[in-house]
Protein chains: 2
Amino acid sequence: MSPARTPTGVAPTRGRRSGRSTGDDRELAILATAERLLRQRPFGDISIDDLARGAGISRPTFYFYFPSKGAVLLTLLDRVTDEANAAAGDVLVRLAEDPRARWRELIARFHATFGGHRDVVLACAQVRGTNAEVRRLWAEVLERWVRAVEAAIEGERARGAAPDGLPARDLAIALNSMNERVWYATFAGDGPAVAERDVVDVLLDVWLTAIYRTTTPPSL
Amino acid sequence: MSPARTPTGVAPTRGRRSGRSTGDDRELAILATAERLLRQRPFGDISIDDLARGAGISRPTFYFYFPSKGAVLLTLLDRVTDEANAAAGDVLVRLAEDPRARWRELIARFHATFGGHRDVVLACAQVRGTNAEVRRLWAEVLERWVRAVEAAIEGERARGAAPDGLPARDLAIALNSMNERVWYATFAGDGPAVAERDVVDVLLDVWLTAIYRTTTPPSL
DNA sequence: GACACCAGTCAACACCCTGTCGAGTCCAAT
DNA sequence: ATTGGACTCGACAGGGTGTTGACTGGTGTC
């Protein structure tokens, strides 16, 4: 099990079993069907038969392309996290230019990426409890972001812009965790949630005060 | 459906169908079995048959006591949230005495309560995605805590101890969300997590800086 | 052109779990 | 003794998952 993903790269072969062939479009059709159905109902209410019929194949044939329903979601999640990583880019290495603007950019870009694929993100959050593969992939992705933020905080402390305080890693974990949960509530719309148009500024404010003890950190 | 809980009180009759009788111990046995099995494996891997056999009854008889597996977890969750509410007590109305100490007390008491029932809390977090009842109850409970924190923040601003800033409700949502997610990671132990002995102080630090812009708010 | 091979396909099956129905048992109150 | 409600469970229906074994059609080989 668990096809040995390289931590940094894309899954070598989570979907199809072997080389190129005409079945590529079927695989894509399954993925597209999943995204479409996710817009209509929760992941748990979508059966493998729904996915197969939506892609114009029978249920056993589905198993030729994916080992399980969860693997489809995993592939979708891969795409989203890749996009988020690309969107984040090198924002954090240019922090000193204008810390407030750069942190805001980081949060806003993540917000835009997740918001653009909210059905997939929501579905992943919902099955994370029951699907070990999704849980593992998400943990891996989160770890990467935590490390990046941790390094950025240490950089800001080193150049004297941010005061010492909590271990940078603990702070990075807490802030990333907050974002995840707050976005989930905002996108899901159940329970207490921050309005979507305010959420970036709310998160930014907590990040800045936690890191700098002020909402207007010094530029250099 | 959804037996019309009073928002503040205990469920009138989520379990048994009617009045007192010898079946009380059976109901308790089901609950006890659920807690025991939850210590061994995730909620999704526990079948109704497991619960029934553990309580010494047959599967159909289970349905005499609870309408579904989820209802058992809901009853367990009710107990935990009641305990958490009791533990929190009136800490927030005595904030001005010593803000840092009182906030820490609040967070530490929640931590102790959740930590003491981590299996139940973890199970709830995991099925929240798929179980609408659990989702609704949790949203209800969270809303209550958010309101309490919101009022406390406004109180601190009114007495001049905390500066103006984000809308108090948004800040309360963000901080409560952070706690939830951070505790989850700490108790679950998968993915980036704060060490259990540090988690109260890490959370406290973020709360204080977000609310007061300092980790040492004024007493009065 | 006969052959082997392999990607791709699906009907049928075995299995597990949920929820319900109907027929029972036991006991307390009439 | 009878009635009615609490309580119990065997048996069934329904729906989901994952696997098996047989079939098809294209492609390269001798």
Side-chain angles (χ1 to χ4, degrees), chain A residues 1-3 13-31 33-34 37-38 40-74 123 126-127 129-134, chain B residues 1-3 13-31 33-34 37-38 40-74 123 126-127 129-134:
Chain A
M1 264 102 283
S2 54
T13 168
R14 175 153 30 255
R16 286 285 288 306
R17 299 223 241 271
S18 55
R20 316 289 85 220
S21 186
T22 60
D24 274 346
D25 45 353
R26 293 286 159 77
E27 185 171 338
L28 258 17
I30 292 173
L31 258 6
T33 302
L37 293 182
L38 241 20
Q40 301 167 6
R41 52 181 192 271
F43 188 68
D45 291 357
I46 298 172
S47 71
I48 290 180
D49 202 43
D50 293 333
L51 257 20
R53 294 198 178 286
I57 57 178
S58 74
R59 202 167 57 78
T61 300
F62 168 91
Y63 288 99
F64 181 80
Y65 293 99
F66 291 95
S68 71
K69 207 171 56 159
V72 176
L73 192 55
L74 219 43
Q126 287 171 353
V127 306
T130 53
N131 184 315
E133 287 287 315
V134 169
Chain B
M1 265 104 275
S2 57
T13 168
R14 179 164 11 264
R16 289 283 290 306
R17 298 223 241 274
S18 54
R20 313 291 86 217
S21 187
T22 59
D24 274 345
D25 45 354
R26 293 286 159 78
E27 185 171 338
L28 259 19
I30 292 173
L31 258 6
T33 301
L37 293 182
L38 240 21
Q40 301 168 6
R41 52 181 191 271
F43 188 67
D45 291 358
I46 298 172
S47 72
I48 290 180
D49 203 43
D50 293 332
L51 257 20
R53 294 196 179 286
I57 56 179
S58 74
R59 204 167 55 78
T61 300
F62 168 91
Y63 287 99
F64 180 81
Y65 292 99
F66 291 95
S68 71
K69 206 171 59 160
V72 176
L73 191 55
L74 219 43
Q126 287 171 351
V127 306
T130 53
N131 184 315
E133 288 285 316
V134 169

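The sequence lines fix the lettering, A, B, ..., with proteins before strands; numbering per chain opens at 1. Quick caveat: nothing in here was measured; it's all calculated off a predicted structure.
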Whole angstrom value for the distance that separates [atom2] of [N] from [atom1] of [X]:
X: A/F64; N: C/dC10; atom1: CZ; atom2: C1'; answer: 13 Å
X: A/F62; N: C/dA11; atom1: CZ; atom2: P; answer: 17 Å
X: A/D25; N: C/dG8; atom1: CG; atom2: C1'; answer: 12 Å
X: B/F66; N: C/dG19; atom1: CZ; atom2: C1'; answer: 17 Å
X: A/L51; N: D/dT17; atom1: CG; atom2: C1'; answer: 13 Å

Quiz prompt | Among C/dG19, C/dC17, D/dT17, the one nearest B/Y63 by side-chain distance | solution =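 So the side chain of B/Y63 is nearest to C/dG19.
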Practice problem: Just compare D/dA6, C/dT18, D/dT17 and give me whichever is closest to any side-chain atom of A/I48. | Solution: D/dT17
Quiz item: Residues in side-chain contact (heavy atoms from CB on, under 4.5 Å) with B/A52, at least two apart?
Solution: B/I57, B/F62
Practice problem: Under the side-chain contact (heavy atoms from CB on, under 4.5 Å) rule, collect the residues that match up with B/D50, sequence neighbours excluded. | Solution: B/L37, B/R41, B/I46, B/S47
Quiz item: Taking C-beta and beyond as the side chain, do A/I48 and A/F66 meet within less than 4.5 Å on heavy atoms?
Solution: no
Practice problem: With sequence neighbours excluded, give me every salt bridge (Lys or Arg N to Asp or Glu O under 4.0 Å) pair touching residues 51-73 of chain A. | Solution: A/D49-A/R53
Quiz prompt | Minimum-distance pair of heavy atoms, taken over all atoms of B/G70 and B/N131 | solution = CA-ND2, 3.5 Å
Quiz item: Going by number, which of residues 52-61 of chain A have a non-hydrogen atom under 4.0 Å from DNA chain D?
Solution: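 Close to the strand are A/R59, A/P60.
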Quiz item: In chain order, what residues pass the side chain to side chain donor-acceptor pair (under 3.5 Å) check against A/T61, with sequence neighbours excluded?
Solution: A/S58
Dump every N/O contact between nucleotides 24-27 of chain D and the protein below 3.5 Å, one line per pair.
none

Quiz item: Can you list the steps and then say if B/V72 with B/T33 is a side-chain contact (heavy atoms from CB on, under 4.5 Å)?
Solution: CA-CA 10 Å; B/V72 176; B/T33 301; over 6 Å; no
